[in-house]
Amino acid sequence: MAAKPPTGDPVQDAPEVGEVQHAAAGLPAVAHSLRMSARQMGVRRTALTLLRVNQKDGFDCPGCAWPEPDKRHAAEFCENGAKAVAEEATLRRVTPAFFAEHSVADLAERSGYWLGQQGRLTEPMHLAEGADHYTPVSWERAFELIAGELKALSSPDEALFYTSGRTSNEAAFLYQLFAREFGTNNLPDCSNMCHESSGSALTETIGVGKGSVLLEDLYQADLIIVAGQNPGTNHPRMLSALEKAKQGGAKIITVNPLPEAGLERFKNPQTVKGMARGTALTDLFLQIRLGGDQALFRLLNSLILKTPGAVDEEFVAAHTEGYEEFAATAAKTGWEETLTATGLQRAEVEEALRMVLASERTVVCWAMGLTQHKHSVPTIREVVNFLLLRGNIGRPGAGVCPVRGHSNVQGDRTMGIFERPAPAFLDALEREFGFTPPRHHGLDVVRAIRALRDGEAKVFLAMGGNFVAASPDTEVTEAAMRRARLTVHVSTKLNRSHAVTGAHALILPTLGRTERDVQAGGEQFVTVEDSMGMVHASRGRLEPAGPALLSETAIVCRLARAVLGEGSATPWEEFEGDYALIRDRISRVVPGFEEFNARVADPAGFALPHAPRDERRFPTPSGKAHFTDAPVEHPHLPEGRLLLQTLRSHDQYNTTIYGLDDRYRGIRGGRRVVLVHPDDARELGFADGAYADLVGEWKDGVERRAPGFRVVHYPTARGCAAAYYPETNVLVPLDSTADTSNTPASKSVVIRLEPSGS
Ligand SMILES: Nc1nc2c(c(=O)[nH]1)N[C@H]1C(S)=C(S)[C@@H](COP(=O)(O)OP(=O)(O)OC[C@H]3O[C@@H](n4cnc5c(=O)[nH]c(N)nc54)[C@H](O)[C@@H]3O)O[C@H]1N2
Ligand SMILES: Nc1nc2c(c(=O)[nH]1)N[C@H]1C(S)=C(S)[C@@H](COP(=O)(O)OP(=O)(O)OC[C@H]3O[C@@H](n4cnc5c(=O)[nH]c(N)nc54)[C@H](O)[C@@H]3O)O[C@H]1N2
Ligand SMILES: [Mo]
């Protein structure tokens with residue numbers, strides 16, 4: 001039973017709608033995850049594998065980037081972590097026989113769900129120019145093919161080196177080193193579509209583009225605001241931290257257009273009491289309109305400014321600048337505009353203000369609900385204003401907490417996966433490796449797609465991820481990818497990006513986090529950095545999915561040797577054999593990693609320095625934290641239209657679909673659903689259960705259509721709709737991005753509904 005993938009495809013997408021749930025986790029979640037895991041890997045392997053997740057001698061959960069508490073519970077994994085592990089530790093295999101049976105045209109017709117369910121990739125495969133099928137290729141030949149194409153480019157900037165966020169620190173460090181020795185900063189990554197807005201806003205205002213709190217701070221907080229995040233699904237272990245914070249007396253305000261089950265009530269499967277009754281988490285739910293957060297925080301700020309004694313004047317005077325200008329702008333804020341932008345009642349905002357003023361220690365947590373709008377960067381800057389006003393940065397129990405997605409997305413950035421590297425980082429690389437890195441900026445995800453579309457980029461290489469499915473404007477992106485000379489994917493699982501290729505294409509199968517990594521120098525481990533800047537080791541224990549797999553690190557080393565040859569003084573072969581040598585180099589290039597090998601030997605890992613958190617020092621050019629006073633924006637919605645957010649169901653990991661249910665939202669057996677407020681749906685003439693096409697409206701006049709969605713009457717904020725990504729990426733215009741960060745505005749897409757089949 002364990003190894004059989006589903007046969008029928010296209011998978012029947014026939015959503016059924018039941019009750020929305022009001023609590024997350026608990027026994028059903030544990031049972032559900034064990035069932036899913038056992039289906040993929042059998043009962044014994046399930047037990048053995050799940051026991052190793054997030055243990056000090058085990059591997060880092062490939063699910064999310066939420067940190068592990070220091071005293072780890074015997075089962076420090078969650079339902080969705082278990083699914084992520086099962087997806088990787090599955091016993092199903094994609095072999096050369098599979099590719100002989102399925103042409104690329106056939107694969108391109110399949111759903112992402114079906115592709116992922118086929119199992120782990122086992123052999124390097126090549127799709128030759130003009131061929132219908134991928135055929136096996138040796139590793140050596142694969143690297144020769146890539147080297148041939150890269151060397152034929154008229155400039156290194158015609159190559160793109162994408163990274164998804166599961167890549168280890170060691171592999172990421174070598175990958176960016178290789179790209180830069182080759183001669184380009186074209187290192188787009190999933191972060192460009194994810195927390196780039198957080199990085200932009202935080203670097204500018206507090207001087208560090210990362211969160212400033214540790215788990216301990218959450219436990220000490222008086223008030224935690226969770227804005228634009230659905231932890232019950234995407235960071236389930238965060239619920240245990242919120243529960244613990246509540247036990248310590250914290251209050252929680254949730255800001256979200258949707259009532260998300262996990263934030264309402266949490267039944268901790270790891271305690272008996274939790275199982276029975278559960279903890280009510282949210283004290284105040286602000287059901288905000290999409291994109292209304294900047295207006296909300298601005299109003300709160302103006303009200304704080306009007307309250308005698310509410311501003312931490314000592315902190316403001318000693319550590320900040322721009323306060324006067326900000327206060328003058330904020331003074332002009334009116335209730336009216338805010339209530340329109342947010343859809344909230346005056347009494348709700350007043351209640352929030354009361355809680356804010358009662359709190360001595362406040363943390364704001366956020367994720368994609370804040371980062372994927374046109375005005376995301378000013379929104380997050382406004383959150384920083386909010387915290388600065390009351391001195392809530394750089395002391396215990398307070399601070400900014402952007403909750404990251406992929407398990408090592410933050411580490412990859414720390415290792416230099418960035419198209420706009422800091423000059424100091426390049427200086428350090430130059431000193432350590434004795435070459436001249438390119439100084440001009442490279443391309444981010446959106447610009448990389450344009451470059452492919454316009455024929456300016458010709459070779460695309462991805463270290464993980466599913467670029468064509470995760471990117472916006474699916475039709476544009478797929479057409480762009482098809483113009484490439486060569487597309488290469490280092491992957492664990494089959495996905496759509498393997499079926500939408502350049503003139504020729506390679507699939508390079510790699511080890512996952514859960515697997516044993518043995519090199520010339522013996523068994524290796526890798527390191528990762530979590531959402532709170534904690535670095536620790538991760539050791540796989542399972543036998544690799546196949547004997548031909550190479551680790552990501554080995555792939556980069558062999559690729560670098562094939563491409564750079566004698567031209568590189570870097571000891572790639574030695575790095576491949578012993579990852580400790582890579583860590584030695586990291587310790588000399590990346591600040592905060594001094595004595596890396598020695599410190600990572602501590603199973604608990606170590607915290608990277610964070611000047612605002614540790615010393616209330618703000619490493620901005622002026623040495624002060626910045627108040628900013630951008631005008632308040634919010635999405636404009638024409639008559640008869642809806643603002644659509646594209647989000648995750650409970651049974652998916654980004655573009656990897658685990659199943660067709662979204663249990664907490666009461667949806668089963670299908671993903672093509674659009675959640676609409678009952679009054680909006682009725683006004684637009686759509687009964688619950690009717691089918692609609694979602695039609696995008698954007699100023700370029702191009703029609704973007706996602707057909708055949710079941711309308712679900714759902715308690716979302718008025719004027720706002722929700723549907724799953726990646727099915728709706730076809731609706732997100734390539735040019736609709738956040739100012740400054742250039743992140744696709746995936747949470748504010750203007751659409752109209754048309755009856756399906758009309
Ligand atoms: N199981 C699982 N875990 C995951 C992932 C996964 O796909 N599956 N993905 C990982 C990754 S890469 C990431 S980045 C994170 C994503 O984690 P989340 O950001 O939680 O993911 P989304 O599903 O995009 O949910 C966005 C949330 O923000 C709300 N929201 C949307 N727009 C707005 C807005 O304008 N204002 C406010 N206040 N709220 C808004 C939505 O209603 C929803 O609750 O999760 C990570 N963890
Ligand atoms: N409309 C819309 N679009 C979005 C978003 C949204 O909310 N709405 N969210 C955005 C966000 S936050 C993100 S982070 C991106 C995600 O974009 P990506 O990171 O590119 O996409 P994933 O779906 O996470 O990638 C899944 C693939 O990664 C490969 N993989 C898994 N584990 C490993 C590994 O250990 N090594 C290697 N080499 N490969 C591995 C598998 O082959 C799998 O098929 O999508 C973005 N796109
Ligand atoms: Mo993400």
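Both ligands and their constituent atoms are indexed starting at 1 by order of listing. Since the model is a prediction, treat every value here as computed from it, not as a measurement. All residue numbers refer to positions in the sequence shown, counting from 1.
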Reported CG-to-SG distance for the pair N234 and C64, which is rounded to 0.5 angstrom: 8.0 Å
Enumerated ligand 1 atoms positioned under 4.0 Å from heavy atoms of G228: 19 (O), 27 (C), 28 (O), 29 (C), 37 (C), 38 (N), 39 (N), 40 (C)
H373 near ligand 1 by a heavy-atom separation under 4.0 Å: yes
Ligand-residue contact atoms, ligand 2 with K747, heavy atoms, under 4.0 Å: 7 (O)
Protein heavy-atom partner closest to atom 21 (O) of ligand 1 - residue, atom, separation in Å: N234 ND2, 3.0 Å
Spacing of L549 atom CG and T492 atom OG1 [to the nearest 0.5 Å]: 9.5 Å
CD1 on I380 to NE2 on H195, rounded to 0.5 Å: 8.0 Å
Part of I288 with heavy atoms under 4.0 Å of ligand 1, whether side chain, backbone, both or neither: side chain
Heavy-atom closest contact (I657 atom, Q117 atom, distance): O-NE2, 3.8 Å
Selection from A723, G465, A462, A469 by shortest heavy-atom distance to atom 27 (C) of ligand 2: G465
Taking atom 20 (O) of ligand 1 as the reference point, the nearest protein heavy atom with its distance: N230 N, 2.8 Å
Non-hydrogen atom of H489 closer than 4.0 Å to ligand 2: no
Proximal ligand 1 atoms for N80, defined as those under 4.0 Å from one of its heavy atoms: 1 (N)
Any N or O of T646 closer than 3.5 Å to N or O of ligand 2: yes
Residue, atom name and distance, where the atom is the protein heavy atom closest to atom 39 (N) of ligand 2: G464 CA, 3.3 Å
Centroid-centroid distance, H489 to F460, less than 6.0 Å: yes
Salt-bridge contact R663-E79 (side-chain N to carboxylate O under 4.0 Å): yes
Under 3.5 Å: N/O of Y658 near N/O of ligand 1: no
Protein contact of atom 31 (C) of ligand 1 - nearest heavy atom, named by residue and atom, plus distance: Q645 OE1, 3.0 Å
Contacting atoms of ligand 1, where contact means under 4.0 angstrom from a heavy atom of H406: 12 (S)
Side chain, backbone, both or neither: the part of T510 lying under 4.0 Å from ligand 2 by heavy atom: side chain
Part of R404 with heavy atoms under 4.0 Å of ligand 1, whether side chain, backbone, both or neither: neither
Nearest protein heavy atom with distance in Å, relative to atom 46 (C) of ligand 1: G405 CA, 3.6 Å
Cation-aromatic face contact R539/F525, 6.0 Å, 45 degrees: yes
Nitrogen or oxygen of T655 less than 3.5 angstrom from that of ligand 2: yes
Proximal atoms of ligand 1 relative to G291 (non-hydrogen, under 4.0 Å): 34 (C), 35 (O)
Proximity winner for atom 37 (C) of ligand 1, if only heavy atoms of I225, T342, D293 are counted: D293
Atoms of ligand 2, numbered as shown, that sit under 4.0 Å from any heavy atom of S491: 39 (N), 42 (O)
Centroid-centroid distance, F99 to H498, less than 6.0 Å: no
Ligand 2 contacted by H195 (non-hydrogen, < 4.0 Å): no
Interfacing atoms of ligand 1 (cut-off 4.0 Å, heavy-atom, V255): 37 (C), 38 (N), 39 (N)
Shortest reach to atom 35 (O) of ligand 2 by a heavy atom, considering only E87, E515, R166: R166
For atom 17 (O) of ligand 2, closest protein heavy-atom neighbour: A470 CB, 3.2 Å
For atom 10 (C) of ligand 2, the protein heavy atom that lies nearest, with its residue and separation: M193 O, 3.6 Å
Selection from N495, N729, L731 by shortest heavy-atom distance to atom 44 (O) of ligand 2: N495
For atom 19 (O) of ligand 2, closest protein heavy-atom neighbour: S164 OG, 2.6 Å
salt_bridge(R665, E260) N-O dist < 4.0 Å: yes
Heavy-atom proximity to atom 41 (C) of ligand 2, best of T492, L647, T728: T492
For S746, atoms of ligand 2 separated by under 4.0 Å from a heavy atom: 1 (N), 2 (C), 3 (N), 8 (N)
Atom 32 (N) of ligand 1: the protein heavy-atom neighbour that sits closest, reported with distance to 0.1 Å: L290 CD2, 3.1 Å
N/O separation below 3.5 Å, T233 to ligand 1: yes
Intermediate values then yes/no, side-chain contact (heavy atoms from CB on, under 4.5 Å), D739 and K374: CA-CA 6 Å; D739 298 334; K374 178 179 181 293; 2.9 Å; yes
Per atom 13 (C) of ligand 2, closest listed option by heavy atom (Y725, Y724, Y162): Y725
Within-cut-off N or O pair, N654 and ligand 1, under 3.5 Å: yes
Spatial distance of atom CG (L494) from atom CD (Q118) [nearest 0.5 Å]: 7.0 Å
For atom 42 (O) of ligand 2, the protein heavy atom that lies nearest, with its residue and separation: K493 O, 2.8 Å
Proximity of E552 to ligand 2 by residue part, where a heavy atom lies under 4.0 Å: side chain
Test of proximity, M368 against ligand 1: N or O pairs below 3.5 Å: yes
Nearest-neighbour protein heavy atom for atom 23 (O) of ligand 1, which is reported as residue plus atom name and distance: R648 N, 2.9 Å
Structural part of E260 in contact with ligand 1, heavy atom criterion under 4.0 angstrom: side chain
Enumerated ligand 1 atoms positioned under 4.0 Å from heavy atoms of H235: 15 (C), 17 (O), 45 (O), 46 (C)
Lys/Arg cation over aromatic Y664: R648, 6.0 Å, 45° cone: no
Inter-residue atom distance C557.SG - F143.CZ, 0.5 Å rounding: 9.5 Å
Protein residue, atom and distance nearest to atom 34 (C) of ligand 1, heavy-atom basis: G369 O, 3.1 Å
Which of the ligand 1 atoms, numbered from 1, are nearer than 4.0 Å to a heavy atom of C194: 14 (S)
